[in-house]
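Bear in mind the structure is a predicted one, so any value in this text is a computation, not a measurement. Lettering follows sequence order; numbering is per chain, from 1.
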Amino acid sequence: MSTELFFVQLINGLQYGLLLFLIASGLTLVFGVMGILNLAHGSMYMVGAYLVWYFVAVTGSFTVSAILSAVIALGLGILIERVLIQRLYNRNHLDQVLLTIGMIFVFNSLQSILWGNDPYGVAVPDALSGSVPFTDNSSYPVYRIFAAFICIAIAAALYFVVSKTRLGMLIRAGESNREMVEALGVNIKSLYTIVFAIGVMLAAVSGIIAAPMRSIVPGMGESVLITCFVVVVIGGMGSIKGAFVGALLVGVISTFAAVLMPTMSNMIIYIFMILVLLVKPQGLFAK
Amino acid sequence: MNRTKSLASAVLATTLTAGMSLGAHAAAGDPVKIGVMLPFSGIYAQLGEAGRDGLKLALKENAANLHGADIEFIELDTEAKPSRAPELASSLLNQHEADFIIGPVHSGVAMGMIKMLRGKDTVMIIPNAGAAAATGPLCSPNMFRTSFSSWQPSYPMGKVALEKGYKKVYAISWNYGMGRESLDAFEESFTAGGGEIVEKVLLPYPSTNFQSHVSSIADTNPDAVFTFFAGGGAIKFVKDYDAMGLRGKIPLLGSGFLTEGTLKAQGDAAEGVMTGLHYAEQLDVPKNREFREAFNTEYGHYPDIYAVQGYDAGQAIANTIDQLKGDISDKQAVISTMEKLTIDSPRGEFTFSKAHNPIQNVYLREVKDGVNVVQSIAAEALEDPARGCKL
Amino acid sequence: MIFEKRTERIFLAIFFVIALCIPLFLEDNSFFVGKATTILILAVFVMSLDFLVGRVGLVTLGHALFYGLGGYLFVIVTPEYEAVNFWLYALYIMGISAVVALVVGVVVLRTSGIYFIMITLAISQMVYYFFFDSLEFGGNDGLFIFMKPETSIFGLNFLNLDNPTHFYYLSLLAVLVTLLAIKIILRSRFGRIVEASRLNPERTEALGYNIFAFRLISYIIGSTLAAYAGLLFALQYGYVNPQFMTWEMSGTALVMSILGGMGTIYGAILGTITYEGLQYFFEHMSEDWMLFMGGAIILMVLLLRKGLAGYLEKLLEK
């Protein structure tokens, strides 16, 4: 492998990893704070992608569609939390698994009913559609660079909110000691609603950002779900920092594995995860 | 409605006690039962729906030629899950006693169906699954295919590549039956003419992580790239290829599914892609124009290859019923009539080979202004070699 | 006695009586007998999962690995066109599966909770990819089993596995044997220690028990039962495909078990029948059956705190 190719693949891997982080961040946030394992997280990613496709087809503007879709996703998150998730706080993890699996069925069916089963694509917004010449033969798409920066920006924002704001402090407190937080007069119910809604919105935003780089097809949520879980587990459930590191590792490793040993590449990520768990059974940055 | 009818028959079956036979096969006057086993949910749903819509359109158009026979459809959703295939096939064969069973899309499901239906008292017509085995080692008199064998669309592309002067080709696809067989078929004709496959990459199915491979292609710098991808994977690959600036620099060739049902989503990224398929939307065949308008009138959108294949399955059934004057009780007669048919298909006329696979033209298409434009006939009346079939 | 709860005894009595009679009433309808057979085989699979998840406390998303393996092992170890002895080969295959479970168990049981879930999922997916990618084992198209085994014991033969009714009774027997086996194990000293290790692992270890060993043995038992179910599933229609070992298959079994009532074992039978029944009903009702299925699952989780079995118990236990 030439040095040039190596660098291209490294950038490919990091960019993929950053997107993975964005997808996984919501999952780990919700689990860390609320202890809820949301298997319908992939469905939220799908919802974001389908929504932005739909609105682009209607309005023609990617920016408007993106914002609209993100807001709808936030509302959807609040709705789901209030109507369904709230009832499960005192139940065991498996009931949550079952409920969220039921939600996957419902969302897949709604996708089919509302938007049909044809595969869709979203064109890269004109402002970002150029590419930067890279090698003799290829050029790197501007949109991918943009997407990478958005992911970094959101990661930074998350870090800022969690470590420097009052909401973040409440989140961290709520993670470790729920009763204490309640005793301090904080409405933990509202906190949970906010956190869950943010988690859903993060998933949807990742679907929105990814939409111009992907095809929008039935089942896209499930295909991203497993990788998401692998990332979160490698990083340590509940740790956003862990999800960041885990995502970058998974992104880079799977990118290089894909070119160096294509047929085995799907196994490599699992092998990597198993190795990490054998050494650190709670993930890299477990709490 | 079909669903109520099948639910009613299910209830009937459970409440009746032993000894109650559900009736002998359709004699003249009984409805002709057509079982449809296609995916109506999940990633292949679009293909399942298209096949079903085409099928029904054909039967509707031919209603006058059925000599009074009523058509009853029984539709079952396979979810493209092989574990459900034998059970669903059994439902159509044993519970509903379907005279014809149309399906599936997915090759794994096809294998499960074949296990159940091979040699049984029904006629199975495959409207999509390209699995070589179905008209290869597992062929059977009561099985037909109105779609393609995985070899057919890709084999002629080797010759096309040679004619265009490409000497070194990079081949890439998914590592499963259809992907491997497509690349093998291309390689067969390409290397026979002196071409060289510089790299053959098989990705795990259904991974769409193409970015690293596109970068790799740019680095290798072959004369051309040959690929098989379909559906969402086809959309993403073509877009990634274009985004990396390779479109126009390194010609992209493929098995036709790369640009079937995906052009709208691919947009400009697909311009100039050349593919081989046994159909093209703008094929200059009168039947094609009629069919496209009729389909659009009935369903509100224009059809693709998957609908054509379902339509031809319907035509095969209708023509058989017509020739037998509405009496399909003799399955041997049904089979021998069907195998001698010439189907007036939107893809051009075709007949069935001994292994019951279509002997059809493969067209070379190039995407221009968002449409697959036919450049030439890449192979005329191409017959799949049906390796291993003893018919 | 091994069936302590009244609800359990009533349900099982009714279930077995109906189950015994089904082929008698539906002899002519091989589809329904076949469908009922598949449900019974699934029930064995789900019961083995319920044992592991509900009683031993090992939430595994890789259980379908053994389900698929049972069928694949049959294809691998038996000659293609020869009718082997079913009982012998079933034991043989269960033995190989037990060894596989031992190796897998030693690796995965070092983790717990969500990590255990993920690692079991990862291992089953890796084996799935292995079979999916392999040309020798049929790849994604799967393989056929051309000759069903014969079932003589010491020269006496009652069953013909090509006969759907006989196959049905064989599967019903499997349900009965699995149920009894699990119940007896749970009532034994071994079973009580295993449950104790689920309820309070630290205490159990403090009492001197090596819970790793107990869990490992339980994991082997549960996986071997799943392999037997998988063997029956493959033999029913003579077809194996890698899709039988995906995490979706494991997940569906988990749904059936939770729906039925986690840990009750008889709930697994109830859950399987209910899930399959609902899907059949919805599929024939509407093309958007998934919407109703998802809705039904959500309603059941919200309303039935302890699954269907729990609900029945609330009604029937004083």
Would you say [Y] and [X] are linked by a side-chain donor-acceptor pair, where the criterion is simply a distance under 3.5 Å?
{"X": "B:Asn296", "Y": "B:Tyr302", "result": "yes"}
{"X": "B:Gln266", "Y": "B:Asp242", "result": "no"}
{"X": "B:Ser150", "Y": "B:Glu181", "result": "yes"}

Region of [X] that comes under 4.5 Å of a non-hydrogen atom in chain A:
{"X": "B:Gln211", "result": "both"}
{"X": "B:Asn221", "result": "both"}
{"X": "B:Ser216", "result": "both"}
{"X": "B:Ser215", "result": "both"}
{"X": "B:Lys239", "result": "side chain"}
{"X": "B:Asp240", "result": "side chain"}
{"X": "B:Ile250", "result": "side chain"}

Option in A:Val259, A:Ile216, A:Asn117, A:Thr263 with maximal non-hydrogen atom pairs under 4.5 Å from chain B |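 Most heavy-atom pairs under 4.5 Å with chain B: A:Asn117.
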Interface residue of largest heavy-atom contact number with chain B, from A:Val132, A:Val217, A:Asp118, A:Val8, under 4.5 Å |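 Most heavy-atom pairs within the cutoff with chain B belong to A:Asp118.
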Option in [options] with maximal non-hydrogen atom pairs under 4.5 Å from chain A:
{"options": "B:Gly245, B:Ala243, B:Ala45", "result": "B:Ala243"}
{"options": "B:Gly232, B:Ala50, B:Pro204", "result": "B:Pro204"}
{"options": "B:Ala218, B:Ser212, B:Gly231", "result": "B:Ser212"}

For [X], is it the side chain, the backbone, both or neither that has a heavy atom under 4.5 Å from a heavy atom of chain B?
{"X": "A:Pro212", "result": "backbone"}
{"X": "A:Phe256", "result": "neither"}
{"X": "A:Met213", "result": "backbone"}
{"X": "A:Ser131", "result": "side chain"}

Counting only heavy atoms not in A:Tyr54, do more than 12 fall under 6.0 Å of its OH?
->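 No - once you tally the heavy atoms of other residues, nucleotides and ligands closer than 6.0 Å, there are 12 at most.
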Relative to each other, are the rings of [X] and [Y] parallel, tilted or perpendicular (30° and 60° limits)?
{"X": "A:Tyr50", "Y": "A:Trp53", "value": "perpendicular"}
{"X": "B:Phe229", "Y": "B:Phe237", "value": "tilted"}
{"X": "B:Trp174", "Y": "B:Tyr176", "value": "perpendicular"}
{"X": "B:Phe257", "Y": "B:Phe228", "value": "perpendicular"}

Answer with yes or no after comparing the ring centroid distance for A:Phe146 and A:Phe149 against a 6.0 Å cut-off, counting only values under it.
->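 Ring-ring flag for A:Phe146/A:Phe149: false, centres at least 6.0 Å apart.
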Is B:Lys56 positioned over the aromatic face of B:Phe73, cation under 6.0 angstrom from the ring centre and no more than 45 degrees off axis?
->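 Yes, cation above the ring, under 6.0 Å and within 45°.
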